[in-house]
Amino acid sequence: MAATHLAELTAPLRAYGAVVLEGYDEPHAELMALVWGPRFDREHAHTLLERRPGYVPQVLQTVHSAADQFDRLADAQQQRVRQLILRHRSRWDNARATH
């Protein structure tokens, strides 16, 4: 996967992820739920966004764009996204354990 494609796909998460996923015990599990299948789970994304109604208008189009990009990825590229989420979770868990 080209780095620019990955950067475009992860931009919404970097911009809004902390706010949207705040309060979840397993934020990485929520992310994995979005990309677990061959198509981005838009219904689950809407459920996550409904918890933060003030952010929905500004994030919704960005999430739809990221979902469309994910859906266009080849299977191997989708799997790479999942692996990156798992790798980030491992680093996140390690950082939390040292504090």
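These numbers were taken from a predicted model, which means no experiment stands behind them.
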Quick one: which residue pairs count as a salt bridge (Lys or Arg N to Asp or Glu O under 4.0 Å) with a foot in residues 10-21, not counting sequence neighbours?
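Listed once each, the pairs would be none.
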For residues 55-64, pull every pair meeting salt bridge (Lys or Arg N to Asp or Glu O under 4.0 Å), keeping only residues two or more places apart or in separate chains.
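Not a single pair qualifies under salt bridge (Lys or Arg N to Asp or Glu O under 4.0 Å).
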Under a 3.5 Å threshold, yes or no: a donor from one side chain and an acceptor from the other, between R80 and Q77?
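There is no such pair between these side chains.
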Can you name the residues that form a side chain to side chain contact (heavy atoms under 4.5 Å, CB included) with V20, not counting sequence neighbours?
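For V20 the side chain to side chain contact (heavy atoms under 4.5 Å, CB included) partners, ignoring immediate neighbours, are Y16, L48, L49.
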Looking at V35 and R82, what are the two nearest heavy atoms and their distance?
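Heavy atoms only, the tightest pair is O-NE, 2.6 Å.
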How close do L34 and A45 get, heavy atom to heavy atom, and via which atoms?
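For L34 versus A45, the nearest heavy atoms are CD2-N, 3.4 Å.
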Contacts table for residues 66-75: side-chain donor-acceptor under 3.5 angstrom, sequence neighbours left out:
unit_1, atom_1, unit_2, atom_2, d
D68, OD1, R42, NH2, 2.7
Q69, NE2, E8, OE1, 3.0
D71, OD1, F40, N, 2.7
D71, OD2, R39, NH1, 3.2
D71, OD2, R42, NH1, 2.8
D71, OD2, R42, NH2, 2.7

When rounded to the nearest 0.5 angstrom, what distance separates [atom1] in [X] from [atom2] in [Y]?
X: E30; Y: D41; atom1: CD; atom2: CG; answer: 10.5 Å
X: E22; Y: R51; atom1: CD; atom2: CZ; answer: 8.5 Å
X: E26; Y: L21; atom1: CD; atom2: CG; answer: 11.5 Å

Taking ring pair (Phe, Tyr, Trp, His ring centres under 6.0 Å) as the test, write out the residues that go with H64, two or more places apart.
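Scan of H64 (ring pair (Phe, Tyr, Trp, His ring centres under 6.0 Å), adjacent residues dropped) gives H46.
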Taking only residues two or more places apart in sequence or in another chain, which ones pass salt bridge (charged side-chain N to carboxylate O under 4.0 Å, His left out) with E43?
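Scan of E43 (salt bridge (charged side-chain N to carboxylate O under 4.0 Å, His left out), adjacent residues dropped) gives none.
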